[in-house]
There are 4 protein chains.
Amino acid sequence: MGNSFGDLFRISTFGESHGGGVGVTIDGCPPRLEISEAEIQFELDRRRPGQSKIVTPRKEADTCEILSGVFEGKTIGTPIAILVRNQNTRPQDYDEMAVKYRPSHADATYDAKYGIRNWQGGGRSSARETIGRVAGGAIAKKILAQVANVEIIGYVKRIQDIEAVVNPNTVTLEQVESNIARCPDTECAERMIERIEKIRNSGDSIGGVVECVARNVPKGLGEPVFDKLEADIAKAVMSLPASKGFEIGSGFAGTLLTGSEHNDEFYIDETGEVRTFTNNSGGIQGGISNGENIIVRVAFKPTATIRKEQRTVTNTGEETILAAKGRHDPCVLPRAVPMVEAMIALVLCDHLLRHQGQCHTLKL
Amino acid sequence: MGNSFGDLFRISTFGESHGGGVGVTIDGCPPRLEISEAEIQFELDRRRPGQSKIVTPRKEADTCEILSGVFEGKTIGTPIAILVRNQNTRPQDYDEMAVKYRPSHADATYDAKYGIRNWQGGGRSSARETIGRVAGGAIAKKILAQVANVEIIGYVKRIQDIEAVVNPNTVTLEQVESNIARCPDTECAERMIERIEKIRNSGDSIGGVVECVARNVPKGLGEPVFDKLEADIAKAVMSLPASKGFEIGSGFAGTLLTGSEHNDEFYIDETGEVRTFTNNSGGIQGGISNGENIIVRVAFKPTATIRKEQRTVTNTGEETILAAKGRHDPCVLPRAVPMVEAMIALVLCDHLLRHQGQCHTLKL
Amino acid sequence: MGNSFGDLFRISTFGESHGGGVGVTIDGCPPRLEISEAEIQFELDRRRPGQSKIVTPRKEADTCEILSGVFEGKTIGTPIAILVRNQNTRPQDYDEMAVKYRPSHADATYDAKYGIRNWQGGGRSSARETIGRVAGGAIAKKILAQVANVEIIGYVKRIQDIEAVVNPNTVTLEQVESNIARCPDTECAERMIERIEKIRNSGDSIGGVVECVARNVPKGLGEPVFDKLEADIAKAVMSLPASKGFEIGSGFAGTLLTGSEHNDEFYIDETGEVRTFTNNSGGIQGGISNGENIIVRVAFKPTATIRKEQRTVTNTGEETILAAKGRHDPCVLPRAVPMVEAMIALVLCDHLLRHQGQCHTLKL
Amino acid sequence: MGNSFGDLFRISTFGESHGGGVGVTIDGCPPRLEISEAEIQFELDRRRPGQSKIVTPRKEADTCEILSGVFEGKTIGTPIAILVRNQNTRPQDYDEMAVKYRPSHADATYDAKYGIRNWQGGGRSSARETIGRVAGGAIAKKILAQVANVEIIGYVKRIQDIEAVVNPNTVTLEQVESNIARCPDTECAERMIERIEKIRNSGDSIGGVVECVARNVPKGLGEPVFDKLEADIAKAVMSLPASKGFEIGSGFAGTLLTGSEHNDEFYIDETGEVRTFTNNSGGIQGGISNGENIIVRVAFKPTATIRKEQRTVTNTGEETILAAKGRHDPCVLPRAVPMVEAMIALVLCDHLLRHQGQCHTLKL
């Protein structure tokens with residue numbers, strides 16, 4: 001279980017890193033939305049392996065095929081199934097991992113839970129599973145843009161201790177895509193790239209923080225009390241591989257302030273709209289969007305699979321040593337950016353549909 | 001919507017801070033569990049107002065009544081409904097708030113979403129809603145303890161910059177409950193209490209971090225890929241009022257390490273069990289519990305409602321000044337401890353039931 | 001599990017026939033709906049025991065209390081909890097049933113499933129559980145009436161072989177409520193009442209068929225392919241105690257026709273609307289409402305609990321004889337009418353909210 | 001929405017009759033189950049077009065491909081995605097239907113709901129969608145057989161007024177498959193085949209009743225009160241195309257009996273098991289399986305698409321005449337048998353997993 005996400009806009013992903021392919025079914029997409037394989041491919045290309053010298057060299061075009069739900073270029077209200085075939089698999093790279101558990105990877109827990117495992121690559125726990133998320137997110141983004149002009153922009157905020165200076169209120173997709181680190185602070189990006197290359201050469205890996213902003217989110221999204229908007233976003237991004245922490249607005253740093261420092265005081269802007277002077281809330285108050293920019297940060301640990309030797313055990317209970325073969329990301333952050341954006345788009349789109357149905361249209 | 005949590009062990013809370021009462025319905029509790037109102041009351045007393053000099057002085061006994069689902073002291077497999085009547089309400093304290101939005105509170109967003117609001121106190125967004133969570137959590141804790149000897153212990157880890165030294169592997173409930181700050185580092189607790197009293201006297205508020213450990217969690221809980229155990233825990237605690245951040249295991253600090261430093265290497269312990277030398281994973285790998293202690297931290301912002309004057313607006317769009325009346329917590333942390341424990345218990349209990357049904361008992 | 005119904009308009013019922021009380025929590029009710037306890041009580045009175053000489057003489061006022069979700073006479077978008085206390089319980093009537101299973105009742109299966117049972121009356125399987133459904137249905141009806149002028153009218157169509165002649169397109173609530181049989185064919189109603197009294201005097205019971213019409217249902221409700229409108233209605237009414245069959249439109253009789261006889265040919269009416277000459281489809285085509293009247297029938301078996309002696313077994317596995325004591329309905333049909341209406345109202349309200357959110361309001 | 005079915009064993013189907021293909025994703029299948037494409041193909045072949053002279057001559061091999069979730073012949077606990085490509089499409093047959101609504105088909109309601117429609121064939125409302133159900137049902141059947149030796153056997157009970165005599169307690173799959181009508185009463189089957197051929201030649205269509213029995217169902221499946229086993233089965237089969245009625249056990253005929261005639265009296269069999277002398281309950285009491293055979297009947301209307309001329313309207317609101325072209329079933333009953341079996345298997349498998357998790361394994 002657990003392979004579906006969302007209520008009214010629901011994606012269900014399938015597929016392992018090795019096997020027929022990976023994909024997604026999207027249920028709840030409104031009809032009459034124009035959508036093309038090219039638009040989905042654009043996002044898939046941002047997350048695909050082999051896109052630059054600082055990501056895994058696995059060569060996969062990750063070409064998507066829309067199997068259903070689109071007719072003459074438009075959605076028809078039925079499930080949109082999207083398939084990406086697996087191609088550049090090298091199961092022989094994983095022979096050793098068939099018996100040796102990679103430390104801090106999912107190998108051991110999958111075996112403990114299921115008593116069986118596709119050991120060719122990460123199987124279901126591979127980052128390859130996120131293809132379905134990114135494809136679904138591409139459609140969610142388009143709906144959000146078209147209905148409410150919502151923009152969702154993620155970027156690498158920090159690699160280890162190299163932290164970028166970025167203004168979330170003005171950052172653009174072009175700035176993010178201007179370098180292979182996906183860090184809009186270009187000077188900082190260079191140092192990040194250098195660091196990643198260095199760590200890759202040492203056979204090790206590093207982590208960091210992705211920041212993501214959603215702008216123009218309509219007021220009123222989010223369902224108290226358990227489906228608060230930030231709670232659903234937290235779940236969404238904490239379900240991404242390698243994520244270890246989440247914060248919104250002031251986050252952990254906000255705990256150092258007093259209430260009078262932290263509270264976002266209100267004013268009325270020139271259009272008569274209720275606004276806040278500051279945005280420590282990160283765009284959400286009481287679990288409901290308040291119209292300010294939604295700003296979140298996600299911590300990603302260093303990639304688990306490394307070439308360095310580590311102590312581990314086999315699936316038959318013997319202690320041993322493993323130095324991973326295969327092609328792996330020295331740092332997941334650049335490829336994680338479109339994943340974080342996709343997950344936030346999925347949450348917002350789901351809540352947009354929930355909200356429309358419950359409040360706005362029923363004139364009681 | 002959004003008032004239910006969990007799939008196989010599901011709680012649905014109801015009630016506003018002012019009105020007939022608050023409560024919870026618990027669906028999916030296994031039959032034949034011994035449970036009493038006293039056991040639930042024990043947890044409710046840990047979160048009730050008026051319990052000490054550093055929490056809100058609102059006087060409520062919060063006495064619970066089990067309306068259904070228990071017969072002759074045992075659960076019978078039907079929904080357990082629990083009701084707590086509202087008593088010490090003082091709606092007159094809120095006259096001003098009927099028109100003025102409290103900064104960083106839910107007043108404005110509720111009005112934006114619903115076009116109507118119970119302005120007597122926080123209404124549905126009041127921390128009073130968490131009574132139902134804590135009651136449900138009390139039952140979840142009992143199931144977990146009885147089935148698998150699971151222990152869930154939360155405590156105040158930090159108030160502003162006052163950080164406690166606590167060993168999550170050995171901390172006890174008695175140590176936590178030994179002082180009104182719910183901080184097992186007693187020297188630190190004193191400083192925390194002093195700080196809270198000082199801030200209360202100034203009419204302001206402060207925040208901090210709750211840490212929580214779950215010990216003896218069976219291996220195999222958690223459902224890849226969206227319902228990863230840490231994703232569900234993240235959602236659970238980020239749905240608590242005032243929470244701004246979440247991390248598991250190494251969390252944000254882990255992003256500074258390399259993979260070879262961060263990975264939890266495996267060994268075989270004396271009983272033949274697969275174990276890890278370190279626990280940067282925080283007890284979960286690939287979304288599935290690995291048998292190590294689950295350790296999470298939750299950031300709580302300073303309470304939004306303060307006596308200090310703040311700039312705000314009215315529900316008719318005029319700028320004004322508000323200095324809140326009423327009885328409020330200067331710091332939610334001590335009362336947040338049982339809430340965090342409850343939410344984690346709810347997630348673990350739900351996943352315990354999910355796991356039992358899907359893997360263990362079906363001998364294929 | 002299984003105590004909740006609906007997705008966007010969701011009721012969760014709780015309570016046993018003996019214990020603190022029964023009730024319901026309604027999540028997803030749109031805000032700003034005027035609703036009073038009196039409106040809910042009106043429907044509860046139609047289903048309460050002791051209302052006439054042909055139903056069970058158990059004397060219960062079934063007075064409802066709204067615990068939450070309503071403020072100054074209007075819904076506020078939060079869960080509406082409604083409680084009805086149990087009063088006229090006579091557990092001593094059930095002493096014998098504590099050990100002897102009533103044939104065709106739920107006693108034996110509850111014991112088999114849960115290993116424990118509230119044997120005082122039907123416990124959770126008592127028709128008393130339907131109080132929560134009828135209360136929830138009262139609110140659903142009001143929403144449907146206010147948003148779309150939908151009318152839902154049920155009536156007793158047949159008692160054993162006594163079948164009424166009723167025009168579903170014109171029948172009124174007043175006609176239904178004009179007699180205690182709830183059969184708008186008054187001549188037929190008299191014969192039904194006579195038959196029920198006769199069977200009650202003999203210590204036996206009888207069944208029959210309830211027919212229900214929903215008029216003015218907007219086009220477009222229903223979600224292909226599994227949540228077809230008729231599928232959800234079928235589940236809704238087949239979850240009522242004692243129901244054994246369901247049909248829509250032409251139903252089982254329609255299987256005797258040819259396609260050319262059965263198909264509902266289209267025409268354009270004077271307002272330009274697409275209509276059908278006949279209504280064998282019962283208002284639903286392809287799982288989606290077509291604007292014609294929705295007409296369904298539900299078969300209810302004779303009440304299981306009878307005073308006549310029957311062969312049965314004890315919970316310790318001994319064969320014995322049981323002649324039930326206690327106060328029971330000789331025929332559930334008159335009281336089943338508001339239950340069927342409520343369940344259909346709940347389905348339509350849920351689909352109304354689903355539909356509004358997904359298609360109408362999003363202008364793509 | 002509405003394209004998923006089940007909670008713990010959940011299928012999600014996708015695909016239209018014309019387009020890339022149709023398929024299903026199955027989430028919640030226990031790991032380590034041996035399953036092959038051949039086993040799934042066996043069931044698909046029972047429902048495919050062109051299998052005999054009395055079904056639609058559309059020629060499709062309906063060859064399935066397992067895309068994920070199976071490794072070295074066994075399930076691994078991850079989603080099983082199955083794809084069947086569309087092949088023998090003839091969109092030109094549907095040119096006229098692009099503008100003219102087929103009476104009693106889903107054309108008009110899909111247009112009303114979505115404002116767009118794949119008019120090439122039935123699109124999503126085509127019986128082709130049931131491929132995914134039958135594929136999912138094949139796996140559910142295997143689990144049920146392996147865990148509990150459950151047998152699910154459906155057959156054509158009646159075509160128009162031609163009713164078969166079949167003993168549900170002893171009927172075998174071989175008897176069902178012995179003739180193209182799928183009616184185990186072979187003499188009756190001949191008359192059915194003759195009738196279907198006659199009606200096909202006249203350009204018309206006919207309907208009938210499928211009966212289905214599930215044997216060896218464990219006691220205790222079903223979740224009171226809304227997810228009663230018969231309620232979930234009712235929804236399952238009423239979601240099949242062309243179904244108009246459902247009954248369990250005595251069904252509508254049972255309403256003619258008295259309680260003392262209808263009740264299933266208990267006895268203790270030679271093995272000490274609680275059994276019933278009769279089975280008017282159809283194997284379910286109080287919504288929970290009682291260990292007797294589950295017996296249900298489903299009414300299917302005559303196929304909507306016929307070659308005879310009918311009055312209809314266009315999608316631009318003009319009255320016209322339609323005589324359908326294309327290749328259609330004169331009677332859906334023979335192909336509906338595996339669909340009914342599949343839906344019942346899906347419900348039972350889901351409840352088996354629900355039940356295992358909630359009661360049996362937790363020793364409290």
Side-chain angles (χ1 to χ4, degrees), chain A residues 1-4 6-33 65-86 110-111 113-120 123-125 129 132 353, chain D residues 1-4 6-33 65-86 110-111 113-120 123-125 129 132 353:
Chain A
M1 297 305 296
N3 297 285
S4 295
D7 279 333
L8 291 191
F9 189 86
R10 180 185 298 151
I11 67 164
S12 302
T13 70
F14 63 85
E16 285 81 49
S17 58
H18 297 68
V22 298
V24 65
T25 309
I26 300 146
D27 201 0
C29 183
R32 303 184 307 281
L33 177 77
E65 176 190 9
I66 297 178
L67 292 170
S68 66
V70 178
F71 180 61
E72 299 181 338
K74 287 185 182 167
T75 60
I76 55 173
T78 65
I80 303 167
I82 299 171
L83 175 64
V84 171
R85 293 281 178 182
N86 291 328
Y110 268 64
D111 255 6
K113 185 176 184 72
Y114 300 114
I116 190 172
R117 179 171 59 95
N118 182 341
W119 48 262
Q120 300 172 322
R124 184 68 180 147
S125 74
E129 176 274 331
L353 291 168
Chain D
M1 299 303 296
N3 296 285
S4 295
D7 279 333
L8 291 191
F9 188 86
R10 180 186 298 151
I11 67 165
S12 302
T13 69
F14 62 86
E16 286 81 48
S17 57
H18 296 69
V22 297
V24 65
T25 309
I26 299 147
D27 200 0
C29 183
R32 303 184 306 282
L33 177 76
E65 177 190 7
I66 296 177
L67 292 170
S68 66
V70 177
F71 181 62
E72 299 182 339
K74 287 185 182 169
T75 61
I76 55 173
T78 64
I80 304 167
I82 300 171
L83 175 64
V84 171
R85 293 279 179 183
N86 291 327
Y110 268 65
D111 255 6
K113 184 177 185 72
Y114 299 115
I116 191 171
R117 179 171 59 95
N118 181 341
W119 47 261
Q120 299 172 322
R124 183 69 180 147
S125 74
E129 175 273 330
L353 290 168

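Here is how names work: the chains are called A, B, and so on, in the same order as the sequence lines, proteins then strands, and each is numbered from 1.
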Between [X] and [Y], is any pair of side-chain heavy atoms under 4.5 Å apart?
X        : Y       : value
D/Arg10  : A/Ser12 : no
D/Arg124 : A/Pro79 : yes
A/Asp7   : D/Met1  : no
A/Arg85  : D/Leu67 : yes

With no hydrogens and no angle check, is any side-chain donor or acceptor of [X] less than 3.5 Å from a backbone partner on [Y]?
X        : Y        : result
D/Asn3   : A/Asp27  : no
A/Arg117 : D/Ile76  : no
A/Arg32  : D/Ile116 : no

*Relative to chain A, which of D/Lys74, D/Gln120, D/Glu72 shows the most heavy atom pairs under 4.5 Å?*
D/Gln120
*Name the member of A/Gly2, A/Ser68, A/Gly69 that forms the most heavy-atom pairs with chain D at distances under 4.5 Å.*
A/Ser68
*Closest-packed option against chain D by number of heavy-atom pairs under 4.5 Å, given A/Thr78, A/Ile80, A/Thr25*: A/Thr78
_With a 4.5 angstrom heavy-atom cut-off, is it the side chain or the backbone of A/Leu83 that approaches chain D, or both, or neither?_
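Just the side chain, heavy atoms under 4.5 Å.
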